[in-house]
Amino acid sequence: MPKLYAKVSVYTAFAVMLALLLMNAAVTRRQLQIQIQKRGLAVHSRMVLLAVDRVSSLLVDAETGQRGYLYTGDARYLEPYHRSISQVEPAIQKLAELTRDNSAQQAHVAALRELGQKKLNELRQTIDLAASGRNDEARAMVLTNSGKRTMDQLRAELSAMRDIEDELSANRDEEYTKSTHRTAYSIYGATLVAIIGLAFLAHYVLLQMRLREEHTAAIREREQWFRVTLASIGDGVLATDHAGKVTYVNEVAEELIGFKAYELSEKPILEAFPIFNELTQKPAENPVQKVLAQGKVVGLANHTVLKHRDGRLIPIEDSAAPIRNDANQIIGVVLVFRDATHDRHSQELLRRAEKLAAAGRLASTMAHEINNPLEAVGNLIFIARNSPSVPPDVQQHLLIAEQQLGRVSHITRQTLGFHREHAVIEQVQLSSLVDSVLALYENKLQSKGIQVQRNFHEVPPITGFSGELRQLVANLISNAADAVPKQGNIWISIVSEKSNGSSGAKLQVEDDGPGVPPENRNRIFEPFFTTKNDVGTGLGLWVVKEVVERHGGSVSVSGRNGYGGAMFSVFLPAKAAEVAKLSTSA
């Protein structure tokens, strides 16, 4: 939002400056046109005034020549007269043309033409009379003052025309001056706007430069922090661009892959990160390509191994996530992976331990069941061997049989003694025990992206063997983790409950996997019955049932109320008589 506001502010400021400059250009252009027009009209007014003066001068010259000739009789004085009379009418015509757009001046021109013609006729008559020797008549005509009155009228008309043109010229000069002032103000205003705009631009540019420098420094610092952080992570980290080419590799990833970061830079992910299926040895689907295609976090498939530079195959677990920019566009992928050799070994040891424990319990059960008939058979052999009617050779055979039967009985007693755990009864907090088991399976859950939802309530502590209860919870969580798909969910709840008059705790483990088909639910707790053909032994849930029953509880399995998946419910009494009996006998 601040970036958008800054952009809008800058664009608005520049738009206002541009509009003001354009307005200034239009005003200046308009004022220049006015000045040119007024200057042209002022020149025109001067031309009209010159034309008025020209007509006045010609008429005066004509009258001067007439009077000089009348007084002297010398024809040489008529030279100004002859020169003027031929030019008066053209001069008046030119004046008429110059003032044709002014009706008031045209009226004066019409009167001027009429009076001029009248004056010229009067001058011609007196000159003609004097030329014919009738000087007295010519003088008498002059003394009538008709010519003077005509001349006065001509001067009045010419003066009126001068006044009109002087007024027009003054108005035009005034408008010209005002226009020059407006032009100056416009130029000053545009200059001021330009100065303010340049100052604003300089301030904005300097501010942006400072912000950019700060932003660049922050980016460098953040990049350095990320690099140090990624380099310090105990897992391998590999990053790519949007095309799947390597852009970053930390030291742990270098060790696992066998190449240095500069050797992997810009390499396609398929070359830089060769992974295979551990069982089939075929190339596995690369998680980076999957992220680029789907745009979401993905994990490796099970049994994935990474091929080291020296050819070793290293079991790995990883997850890949998209790197997005501010526009939520994928600009790369970050891949985090780790050497799962130790985890695989630990899981295998745990699986073997589970199998051994289950086998031991099964052997103990079998030994217990075999021991009773063995004692009966032994007693029968003893009676038969001590019978007086038995022949000595038969007694010898019975003695050997009794000895061999004793060996078998000794083996069953040893088996029973090996199975019995000399454990101490403890007060077990079920929620803490579940948390410890989840911590044990944390890597397995994270590798599949499984979300575990806890809902633990206050429950009384359970009196029992913590090792067996831990095995119970571990089997349930392990089965749920195997059942759910990647990015699946497991729900674990612990609540107080009463069953058959006993107070205790109810543990529920739910998952959103495929669930247990109804036809298998009656057999799910049988030994060696399993639906996991690749990893299952069929003893885990049998052990769960044995431990629950040993602690005086109950276990059941059902679906998740129509949502799919499985829900295992275990009730454990707070104090179990069977446990106390076992502890006493131990």
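- Proximity of Arg162 to Leu49: side-chain heavy atoms (C-beta onward) are separated by under 4.5 Å at one or more points.
- You'll find the side chain of Leu313 reaches within 4.5 Å of the side chain of Lys307, heavy atoms only.
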Inset, instruction - Begin with the C-alpha distance, continue with both residues' side-chain angles, and end with the deciding distance and a verdict on side-chain contact (heavy atoms from CB on, under 4.5 Å) for Leu256 and Arg338. - result: CA-CA 8 Å; Leu256 292 175; Arg338 54 187 294 273; 5.7 Å; no
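- Using modelled atom types and a 3.5 Å distance limit, the side chains of Asn171 and Glu175 yield no donor-acceptor pair.
- Environment of CD in Glu167: sparse, with no more than 12 heavy atoms of neighbouring residues, nucleotides or ligands closer than 6.0 Å.
- In this structure, the side chain of Thr28 does not engage the main chain of Ala25 through any donor-acceptor pair within 3.5 Å.
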Inset, instruction - Take Lys506 and Val459, measure what side-chain contact (heavy atoms from CB on, under 4.5 Å) needs, and give me the verdict at the end. - result: CA-CA 9 Å; Lys506 182 179 181 181; Val459 298; over 6 Å; no
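- With sequence neighbours excluded, the residues that form a side-chain hydrogen bond (donor to acceptor under 3.5 Å, both in side chains) with Glu214 are Arg210.
- Within a 6.0 Å radius of CD in Gln106, more than 12 heavy atoms belonging to other residues, nucleotides or ligands are found.
- Surrounding NZ of Lys267 are more than 12 heavy atoms belonging to other residues, nucleotides or ligands, all under 6.0 Å away.
- Under the 4.5 Å side-chain criterion, counting only non-hydrogen atoms from C-beta, Thr99 is not in contact with Ile164.
- Looking only at distances, no side-chain donor or acceptor of Ser159 sits under 3.5 Å from a matching main-chain atom of Arg155.
- Here the CD-CD distance, from Glu497 to Gln508, works out to 8.0 Å after rounding to the nearest 0.5 Å.
- A distance-only check finds no donor-acceptor pair linking the side chain of Ser56 to the backbone of Val52 [under 3.5 Å].
- Counting only heavy atoms from C-beta outward, the side chains of Leu306 and Phe337 approach each other to under 4.5 Å.
- Between the side chain of Glu271 and the backbone N or O of Pro268, no donor-acceptor pair lies under 3.5 Å.
- With a 6.0 Å radius and a threshold of 12 heavy atoms from other residues, nucleotides or ligands, Glu458 has its CD atom at or below the threshold.
- The closest side-chain heavy-atom distance from Ile492 to Leu507 is below 4.5 Å.
- For the side-chain contact (heavy atoms from CB on, under 4.5 Å) test with Ile195, the passing option among Thr191, Val193, Leu198 is Thr191; the others fail.
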Tell me which donor-acceptor pairs under 3.5 Å the side chains of residues 432-440 have, and how far apart each pair is, sequence neighbours excluded?
{"residue": "Asp435", "atom": "OD1", "partner": "Arg454", "partner atom": "NE", "Å": "3.1"}
{"residue": "Ser436", "atom": "OG", "partner": "Leu433", "partner atom": "O", "Å": "2.6"}

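- Residues Asn489 and Val484 form no side-chain contact, since every pair of their non-hydrogen atoms from C-beta on lies 4.5 Å or further apart.
- The line from CG of Asp511 to CH2 of Trp491 is 8.0 Å long, rounded to the nearest 0.5 Å.
- With respect to Glu89 and Arg113, a salt bridge is recorded, a charged nitrogen being found less than 4.0 Å from a carboxylate O.
- The number of heavy-atom neighbours closer than 6.0 Å to CZ of Arg324, taken from other residues, nucleotides and ligands shown, is above 12.
- Between the Lys486 side chain and the Val298 main chain, no donor and acceptor come within less than 3.5 Å of each other.
- In this structure, CG in Leu264 is found 14.0 Å from NZ in Lys245, a value given to the nearest 0.5 Å.
- Residue Glu254 holds its CD atom at 10.5 Å from CG of Leu238, rounded to the nearest 0.5 Å.
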Legend entry - Pair Val452-Tyr441, side-chain contact (heavy atoms from CB on, under 4.5 Å): steps then yes or no: CA-CA 11 Å; Val452 178; Tyr441 286 95; over 6 Å; no
Inset, instruction - Run the numbers on Asn102 and Leu168 for side-chain contact (heavy atoms from CB on, under 4.5 Å), then give the verdict. - result: CA-CA 11 Å; Asn102 192 319; Leu168 289 174; 3.4 Å; yes
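- To the nearest 0.5 angstrom, Ser466 atom OG is 12.0 Å from Leu430 atom CG.
- Distance alone, capped at 3.5 Å, is enough to place a donor-acceptor pair between the Thr183 side chain and the Ser179 backbone.
- In this structure, the side chains of Leu572 and Val428 stay at 4.5 Å or more apart for every pair of heavy atoms.
- By the neighbour-count criterion of 12 heavy atoms within 6.0 Å, atom NE2 of His242 is sparsely surrounded, having that number or fewer from other residues, nucleotides or ligands.
- Side-chain contact between Pro485 and Asp512 is present, with at least one heavy-atom pair separated by less than 4.5 Å.
- Between the Thr247 side chain and the Ala239 main chain, a donor and an acceptor come within less than 3.5 Å of each other.
- Panel note: side chain Gln105, backbone Met161; a donor-acceptor pair is recorded below 3.5 Å.
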